[in-house]
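As the structure is a prediction and not an experimental result, all values here were calculated from the model.
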Amino acid sequence: MNPAPARRKARIALRLLAVALFGCVTWSAQADDAAMQQLLTDYLRSQTAAEGEVDISVTMPAVAMPACNNPRPFLPGRNPRVAGNITVGVQCPGDRPATRYFQARVNVIADYYVAARDLMPGDVIGMADIRREQGDLSRLPGNVATRPEALVGMSASRRVAAGRALSESMVHAPVAIKRGELVRVVAVGPGFSITTEGKALNAAPLGGDVRVSTQEGSIVIGRSTNENTVTITR
């Protein structure tokens with residue numbers, strides 16, 4: 001793992017901690033824009049999850065704003081990621097206005113993954129089926145896959161053309177048990193193990209819950225432990 005991103009985040013955290021500890025500092029009238037801009041830039045950089053080259057531009061208002069005591073940056077709403085055009089807020093306790101908003105642009109140049117071939121629904125994805133590329137994540141879907149682990153071993157849920165960026169919403173855990181197929185049902189508990197057969201009443205991925213109609217006529221619920229076995233633990 002590259003230690004540079006960790007060191008960078010540590011430096012930013014120290015700066016933000018200093019602001020929190022010495023919040024009585026008031027930005028001077030002329031230095032206010034530059035200082036606030038740096039504060040917001042450091043804050044947004046600390047909130048950027050992706051590892052890569054991050055470029056942040058904070059737009060300051062054309063009209064000078066009143067000085068802000070103890071500025072506390074925050075991200076309004078639920079931001080799935082810090083990338084692209086975003087709004088960042090600052091709380092100024094005791095000042096007027098007490099909450100201020102600024103516009104920013106965050107470009108994140110990082111690795112992401114595309115389909116190396118045409119993928120069809122149900123295809124189980126291997127390393128040969130994906131290709132790493134690099135680009136600005138702000139111009140890609142919000143849940144674009146940036147780690148191969150999010151794709152390898154998963155099943156394509158739709159057709160994906162070769163070269164298209166892969167998002168985590170395009171894949172799902174592969175089906176281990178199909179609805180209507182015969183399965184082995186194993187009930188285990190302290191000191192006993194019982195095996196019978198039955199028919200799966202629903203499809204499920206590995207580790208998913210399966211309702212089974214047993215040969216004895218009862219309906220039980222267990223967990224898929226391989227392609228044809230449902231295990232019930234007592």
Problem set entry | Val210-Ile232 co-clustered via ILVMFWY side chain contacts under 4.5 Å |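 Linked within one cluster.
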For this session: For Ser155, check side chain to side chain donor-acceptor pair (under 3.5 Å) against everything at least two apart and list the hits.
Result: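 Side chain to side chain donor-acceptor pair (under 3.5 Å) check on Ser155 returns nothing, list empty.
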Exercise. Between atom CG of Asn202 and atom CD1 of Ile177, what is the distance when rounded to the nearest 0.5 Å?
Worked result: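 Going from CG on Asn202 over to CD1 on Ile177, the span is 8.5 Å.
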Which pairs of donor and acceptor atoms, one on a side chain in residues 183-201, lie under 3.5 Å apart (sequence neighbours left out)?
from: Thr196; atom 1: OG1; to: Glu216; atom 2: OE1; distance (Å): 3.4
from: Thr196; atom 1: OG1; to: Glu216; atom 2: OE2; distance (Å): 3.3
from: Glu197; atom 1: OE1; to: Gln215; atom 2: NE2; distance (Å): 3.4

For this session: Kindly compute the distance separating CD (Gln134) from OG1 (Thr146), expressed to the nearest 0.5 Å.
Result: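 Interatomic distance, Gln134 CD to Thr146 OG1, rounded to 0.5 Å: 12.5 Å.
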Problem set entry | Residue pairs, two or more places apart or on separate chains, that pass salt bridge (charged side-chain N to carboxylate O under 4.0 Å, His left out) and touch residues 160-170 |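 Checked against salt bridge (charged side-chain N to carboxylate O under 4.0 Å, His left out) - neighbours excluded - no pair reaches residues 160-170.
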Exercise. Would a 4.5 Å heavy-atom cut-off, applied to side chains only, mark Val58 and Ile56 as touching?
Worked result: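 Yes, side chains in contact.
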Problem set entry | Which residues share a salt bridge (charged side-chain N to carboxylate O under 4.0 Å, His left out) with Glu133, sequence neighbours left out |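 Testing Glu133 for salt bridge (charged side-chain N to carboxylate O under 4.0 Å, His left out), a comparison that skips the adjacent residues, returns Arg131.
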Problem set entry | All salt bridge (charged side-chain N to carboxylate O under 4.0 Å, His left out) counterparts of Asp209, not counting sequence neighbours |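 Scan of Asp209 (salt bridge (charged side-chain N to carboxylate O under 4.0 Å, His left out), adjacent residues dropped) gives Arg223.
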For this session: Output all residues satisfying salt bridge (charged side-chain N to carboxylate O under 4.0 Å, His left out) with Arg211, sequence neighbours left out; order by chain, then residue number.
Result: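 So Arg211 forms no salt bridge (charged side-chain N to carboxylate O under 4.0 Å, His left out) with any residue.
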Under 3.5 Å, which donor-acceptor pairs do the side chains of residues 117-124 form with other protein atoms, sequence neighbours left out?
from: Arg117; atom 1: NE; to: Asp129; atom 2: OD1; distance (Å): 2.7
from: Arg117; atom 1: NH1; to: Asp123; atom 2: OD2; distance (Å): 3.4
from: Asp118; atom 1: OD1; to: Ala162; atom 2: N; distance (Å): 2.8
from: Asp123; atom 1: OD2; to: Met120; atom 2: N; distance (Å): 2.9

Problem set entry | Shortest non-hydrogen contact from Val220 toward Thr214 |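 Between these two residues, the closest heavy atoms are CG2-CG2, 3.9 Å.
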For this session: Determine, using the 4.5 Å side-chain heavy-atom cutoff (strictly less than), whether Val88 and Leu39 are members of one ILVMFWY cluster.
Result: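 Both belong to a single hydrophobic cluster.
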For this session: State the CE-OG1 distance between Met36 and Thr41, to the nearest 0.5 angstrom.
Result: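 It comes to 11.5 Å.
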Exercise. So how far is it from Tyr112 OH to Asp136 CG, rounded to the nearest 0.5 Å?
Worked result: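 The CG atom of Asp136 is 9.5 Å from OH of Tyr112, to the nearest 0.5 Å.
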For this session: Applying side chain to side chain donor-acceptor pair (under 3.5 Å), name anything that partners Ser224, two or more places apart in sequence or on another chain.
Result: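 Side chain to side chain donor-acceptor pair (under 3.5 Å) check on Ser224 returns nothing, list empty.
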Problem set entry | For the student: nearest non-hydrogen atoms of Ala173 and Pro205, plus distance |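 Minimum heavy-atom separation between Ala173 and Pro205: CB-CB, 3.7 Å.
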For this session: Please lay out, stage by stage, how Val212 and Ile221 fare under the test side-chain contact (heavy atoms from CB on, under 4.5 Å).
Result: CA-CA 6 Å; Val212 179; Ile221 299 176; over 6 Å; no
Exercise. By side chain to side chain contact (heavy atoms under 4.5 Å, CB included), which residues pair with Ser157, not counting sequence neighbours?
Worked result: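 If we apply the side chain to side chain contact (heavy atoms under 4.5 Å, CB included) test to Ser157, skipping adjacent residues, the hits are His172.
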Problem set entry | Which residues share a side chain to side chain donor-acceptor pair (under 3.5 Å) with Asn226, sequence neighbours left out |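 Here the qualifying residues are Thr229.
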For this session: State plainly whether one hydrophobic cluster holds both Val90 and Met60, where clusters connect Ile, Leu, Val, Met, Phe, Trp and Tyr through side-chain heavy atoms under 4.5 angstrom apart.
Result: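 Yes, Val90 connects to Met60 through the hydrophobic network.
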Exercise. For Ser169 and Arg158, what are the C-alpha separation, side-chain angles and deciding distance, and is it a side-chain contact (heavy atoms from CB on, under 4.5 Å)?
Worked result: CA-CA 10 Å; Ser169 62; Arg158 66 184 79 170; 4.2 Å; yes
For this session: Just jot down the side chain to side chain donor-acceptor pair (under 3.5 Å) partners of Thr99, sequence neighbours excluded, or say none.
Result: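 Result, side chain to side chain donor-acceptor pair (under 3.5 Å) vs Thr99: none returned.
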For this session: Run the numbers on Val230 and Thr225 for side-chain contact (heavy atoms from CB on, under 4.5 Å), then give the verdict.
Result: CA-CA 6 Å; Val230 175; Thr225 50; over 6 Å; no
Donor-acceptor pairs under 3.5 Å, side chain of residues 100-109 to any protein atom, not counting sequence neighbours: which ones?
from: Arg100; atom 1: NE; to: Pro97; atom 2: O; distance (Å): 3.1
from: Arg100; atom 1: NH1; to: Pro66; atom 2: O; distance (Å): 2.6
from: Arg100; atom 1: NH2; to: Ala67; atom 2: O; distance (Å): 3.4
from: Gln103; atom 1: OE1; to: Thr87; atom 2: OG1; distance (Å): 3.3
from: Gln103; atom 1: NE2; to: Thr87; atom 2: OG1; distance (Å): 3.1
from: Arg105; atom 1: NE; to: Asn107; atom 2: OD1; distance (Å): 2.9
from: Arg105; atom 1: NH1; to: Asn85; atom 2: OD1; distance (Å): 3.4
from: Arg105; atom 1: NH2; to: Asn107; atom 2: OD1; distance (Å): 3.2
from: Arg105; atom 1: NH2; to: Ser138; atom 2: OG; distance (Å): 3.0

Problem set entry | Shared hydrophobic cluster for Ile130 and Leu140 (ILVMFWY, side-chain gaps under 4.5 Å) |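 Hydrophobic grouping puts Ile130 apart from Leu140.
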Exercise. Out of Leu151, Val160, Val152, which residue meets the side chain to side chain contact (heavy atoms under 4.5 Å, CB included) rule with Val171?
Worked result: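 When side chain to side chain contact (heavy atoms under 4.5 Å, CB included) is applied between Val171 and each of Leu151, Val160, Val152, only Leu151 qualifies.
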Exercise. Just by modelled atom types, is the Lys178 backbone N or O under 3.5 Å from a matching donor or acceptor in the Glu181 side chain?
Worked result: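 Looks like yes, one N/O pair under 3.5 Å.
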Exercise. Shared ILVMFWY cluster between Leu166 and Met154, side chains joined below 4.5 angstrom?
Worked result: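 Per the 4.5 Å side-chain linkage, Leu166 and Met154 are co-clustered.
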